[in-house]
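Presented below is the structure to which this report refers.
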Amino acid sequence: MLKATLRSFLAHKGRLLLSALAVVLSVAFVAGSLIFSDTVTRTFDRLFASTAADVTVSPKNDLKSRVATGATPTLPASLADRLAKVDGVAATHVDVSVENLTIVDRENKSIGPTSGAPTIATNWQVTRRSPVKLTSGHAPHGADEALLDADTAKRKHVAIGDTLTVQAERAFPVRIVGIATFTTTNPGAALLFLDTPTAQTNLLGSPDAATSIAVDAAPGVADAPLKQRIAAQVGTRTYEVKTADEQAKDAAAQLGGFLDVIKYVMLGFAGIAVLVGVFLIVNTFSMLIAQRTRELGLLRALGADRRQVRRSVLTEALLLGLVGSTLGLAAGIGLALGLIRLMSAFGMNLKSTEMVIGWPTPVTSYVVGVGVTFVAAYLPARRAAGVSPMAALSDAEVAGVGRPLRTRALVGSVVGVAGAAALAGCATASKTATSASLLGLGVVLTLIATVIAGPLLVRPVIRVLGGAFPALFGPVGRMSQRNALRNPRRTGATAAALMVGLALVGGMSVASASMSKSFDHQIDKTLGSDFVIQNSNFVPFTREITDKVRATQGAGLVVRQRFTPVAVRLPDGKRVETTAAGYDPRLDDVAHVTYTQGNTAAALGAGHLSMDAKFAREHGVRVGSVIPVEFPAGRKTELTVGALTDQGGSGGFGMQGGLAFGFGTVEKYVPGGQDSALYVNAAPGTSPDRLRAHLEQTLKPYPQVQVRDLADYKKLVHDQIAVLLYLVYALLGLAIVIAVLGVVNTLALSVVERTREIGLLRAIGLARRQLRRMIRLESVVIAVFGAVLGLALGLVWGVCVQRVLALQGMKSLAIPWTTIVAVVVGSAVVGIVAALLPALRASRMNVLAAIAHE
């Protein structure tokens with residue numbers, strides 16, 4: 001039996017190769033994501049461990065939110081002298097590091113990274129833990145000298161002697177006098193180094209300010225005891241004291257969010273590949289077993305029992321899984337290498353020579369590859385074990401052509417009703433968490449039900465889809481339609497692979513279109529200013545920009561917006577961390593805020609705040625309630641609820657709780673903050689177009705700041721939503737690739753199965769071109785059948801997703817009919833492409849040899 005199994009596997013290796021590709025793709029994404037994330041984690045762990053001081057003292061902040069306020073927390077630089085006297089301290093260093101700035105060249109072009117990494121200005125000091133070293137020029141001395149990191153200098157063509165402008169709390173010019181090169185991994189940031197007095201004065205506004213104090217331990221002194229001594233000296237209510245290990249862990253945790261995005265995206269691709277690959281493998285083994293009915297019957301006649309036959313088929317699956325997993329692991333290494341090089345193109349210089357391939361990676365790869373193949377082949381293997389010895393004497397098939405589909409109908413109906421009930425519950429639920437949970441359950445159950453019941457839908461749907469074939473293509477069209485109807489199980493399984501991807505893209509297309517329409521409606525409803533001034537990356541900008549906008553010719557009312565993280569203690573005892581916004585008094589002139597109680601004057605008055613009405617109701621808050629509020633740096637106060645807002649369930653001003661207060665409150669408790677946006681109206685007698693021209697001229701020296709009107713704001717939102725949609729399209733592309741492999745495999749095996757039939761058709765006059773057309777039409781109708789099922793399912797999912805979004809204020813439903821029509825047309829094209837090779841092979845058959853084929 002082992003010899004027979006190996007010979008069978010090698011005899012069908014060409015047919016099995018297409019199935020193996022699905023395994024290869026799924027394993028490649030799993031292995032690639034693990035290798036890449038392990039490599040980045042190991043690299044940055046080394047970076048953080050090698051650059052963190054033994055003990056670091058920094059201003060304390062109990063709020064976890066990292067929303068940019070523009071205010072840089074500081075501590076007295078003189079604290080370094082106090083810490084130097086602590087027992088066990090060898091040396092202390094003043095650190096100055098500021099990220100809320102922009103650096104531009106003489107052409108007013110930003111030299112910062114475009115990958116989302118920060119631009120950092122810091123003080124130059126050489127220690128054994130410095131991540132950079134001076135490689136050309138000299139160290140900065142005085143207010144007009146600076147160093148630049150080598151990667152940024154190369155990327156932005158900056159040389160020693162060039163002048164740059166630093167736009168921080170105030171703008172000041174610097175001349176590049178040296179280049180510093182990273183000795184460790186460059187995380188992608190742009191680094192500008194100033195001497196310590198200049199950094200303190202120009203970046204922090206005081207010669208006695210610092211962002212942290214680095215402490216070096218004396219030889220033989222451990223970090224933990226030293227931390228305790230320093231904490232006893234400075235106290236823990238105002239300052240945060242961390243060892244090198246704690247600093248490294250915090251930095252790694254911040255990096256973890258970035259890594260998780262990449263890992264989960266790649267695992268999403270792997271999941272799609274696995275899901276679609278299951279259909280392909282099941283179909284392939286089912287057809288191979290159907291074609292080997294006589295062979296399996298002969299083995300039974302010679303004495304092989306059911307277990308041996310089942311074991312033989314599962315052994316073939318095991319071999320397929322091993323081959324696919326091995327190739328997938330190799331492809332995953334290549335994929336990880338490509339990601340590492342891609343990161344280098346964005347400025348994160350990872351070394352491919354330090355690629356990490358830990359033991360969990362190959363173990364996981366083989367578990368996924370072999371496990372998926374083994375599970376997918378189990379049902380065909382059981383079917384093979386049921387072949388009777390009498391099948392060796394006949395042309396019987398075990399493909400189940402004639403078997404009734406009652407069991408499928410019953411199971412599919414039960415699962416489908418359960419899924420429909422879950423989706424109905426999702427659409428009618430009043431709480432977001434409940435609705436989202438029911439949505440997930442409904443999606444899974446309806447997908448399973450459609451896969452199970454798919455063969456039941458083959459005959460009625462394909463009769464409609466291929467109904468015009470006889471009239472358009474004559475007997476060839478009729479035969480292609482009947483070929484697709486011949487085996488509903490096979491047609492259903494082949495179409496299911498395409499259905500999964502199209503259901504996903506259909507659902508997400510509806511969701512994204514609904515989000516775009518809802519945001520358009522919300523922007524039209526709330527935004528009342530002529531223009532909004534914002535940074536392109538939404539970080540705050542300097543007060544100098546606000547002053548220049550106010551002084552712009554034709555600018556009338558200018559209302560400032562400033563964000564801050566806060567924590568509120570609510571009457572129900574819960575402490576909620578969120579983001580609040582501060583506004584100037586004349587907010588009503590630039591925005592349309594709907595109040596259920598109170599008004600803007602009450603909301604933004606001194607000692608008051610406003611809150612989203614739904615949030616307030618959930619936590620027992622009412623107008624007049626006094627709410628304890630905690631700001632950054634431990635500043636605390638109590639504010640009275642002066643108004644409740646209703647912005648369609650979107651959280652009032654767009655954040656959880658919809659908290660907002662007057663500008664004086666945020667300036668008082670977050671001193672040194674910067675504006676996040678300016679809402680600008682044209683002065684009387686000035687047209688918006690003319691004001692825009694003046695604003696753009698004013699802001700020309702600030703390339704990071706954008707002037708947006710209503711249409712620009714909508715486009716910005718649409719572009720952000722499109723990023724999610726592009727990911728879905730990429731998943732669709734992967735699903736289509738595997739689905740095409742499935743259609744090719746099905747048609748190729750079907751051609752082999754119908755060799756004698758094709759020979760007879762050719763003998764009675766069917767031309768090669770007609771034969772190719774017949775197979776192409778069969779492929780097209782199967783692909784369009786999968787598209788119709790997938791899009792129908794996706795539309796239902798999309799409507800339910802929109803109902804979940806409606807609970808968050810996005811109440812508009814939009815169906816992207818253009819996308820749906822394009823997908824159906826594209827599916828027909830996919831069917832044509834998938835049929836090219838099988839049709840060509842069929843047309844090249846020798847007629848006499850085909851007739852004599854058994």
Side-chain angles (χ1 to χ4, degrees), residues 265 268 272 419-420 422-447 450 499-527 592 594 612 614 646-656 658 710-732 735 787-824 826:
V265 166
I272 290 293
L423 292 179
C426 160
T428 56
S430 58
K431 292 187 177 181
T432 304
T434 303
S435 183
S437 300
L438 289 172
L439 172 65
L441 178 62
V443 166
V444 172
L445 291 178
T446 51
L447 176 62
T450 307
M499 178 196 73
V500 172
L502 294 182
L504 175 65
V505 77
M508 291 307 299
S509 294
V510 172
S512 63
S514 299
M515 287 172 66
S516 295
K517 185 176 180 181
S518 298
F519 276 118
D520 284 351
H521 177 72
Q522 191 74 7
I523 291 169
D524 287 334
K525 179 181 176 182
T526 59
L527 188 62
H592 309 300
T594 303
D612 175 57
K614 181 180 178 183
D646 179 12
Q647 297 296 88
S650 63
F653 290 91
M655 289 76 66
Q656 181 189 12
L710 196 67
D712 296 328
Y713 216 84
K714 290 180 179 179
K715 183 179 181 301
L716 177 67
V717 173
H718 292 179
D719 290 344
Q720 291 175 333
I721 295 174
V723 172
L724 174 63
L725 201 55
Y726 293 150
L727 173 61
V728 177
Y729 287 154
L731 288 170
L732 170 67
V788 169
L789 285 188
L791 289 175
L793 197 58
L795 286 175
V796 174
W797 292 353
V799 170
C800 291
V801 170
Q802 189 275 327
R803 296 312 304 160
V804 177
L805 296 175
L807 297 175
Q808 296 298 310
M810 290 173 262
K811 297 183 177 180
S812 300
L813 174 66
I815 308 294
W817 294 111
T818 303
T819 301
I820 291 171
V821 172
V823 167
V824 174

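- Taking all atoms of both residues into account, the shortest heavy-atom contact from Gln802 to Met810 is NE2-O, 3.3 Å.
- Rounding to the nearest 0.5 Å gives a distance of 7.0 Å between CG of Asp612 and CG of Asp646.
- The minimum heavy-atom distance between Trp797 and Leu504, with the atom names listed, is CZ3-N, 4.2 Å.
- Of all the heavy atoms in His592 and Lys525, the pair that sits closest is CB-O, 3.1 Å.
- Shown here for Leu805 and Ala511, the closest heavy-atom pair between the two residues is CD1-O, 4.2 Å.
- The closest side-chain heavy-atom distance from Leu795 to Ile815 is below 4.5 Å.
- Considering Asp524, Asp719, Asp520 as possible partners of Lys714, the one that fulfils the side-chain hydrogen bond (donor to acceptor under 3.5 Å, both in side chains) test is Asp524.
- Between the CD1 atom in Ile721 and the CE atom in Met515 there is a gap of 4.5 Å [rounded to 0.5 Å].
- Between the side chain of Ser812 and the main chain of Ser514, no donor-acceptor pair closer than 3.5 Å is present.
- Looking only at side-chain heavy atoms (C-beta outward), Leu710 and Tyr713 stay at 4.5 Å or farther from each other.
- Residue Cys800 holds its SG atom at 6.5 Å from CG of Leu439, rounded to the nearest 0.5 Å.
- Inter-residue side-chain proximity for Thr446 and Val796 is flagged as unmet; no heavy-atom pair is nearer than 4.5 Å.
- Across every non-hydrogen atom of Ala429 and Thr434, the tightest pair is CB-CG2, 4.3 Å.
- The closest side-chain heavy-atom distance from Arg803 to Thr428 is not below 4.5 Å.
- A 4.5 Å side-chain heavy-atom check between Leu502 and Leu793 finds every atom pair outside the cut-off.
- Residue Leu807 comes nearest to Lys614 through the heavy atom pair O-NZ, 3.5 Å, listed as atom of the first residue, atom of the second, then distance.
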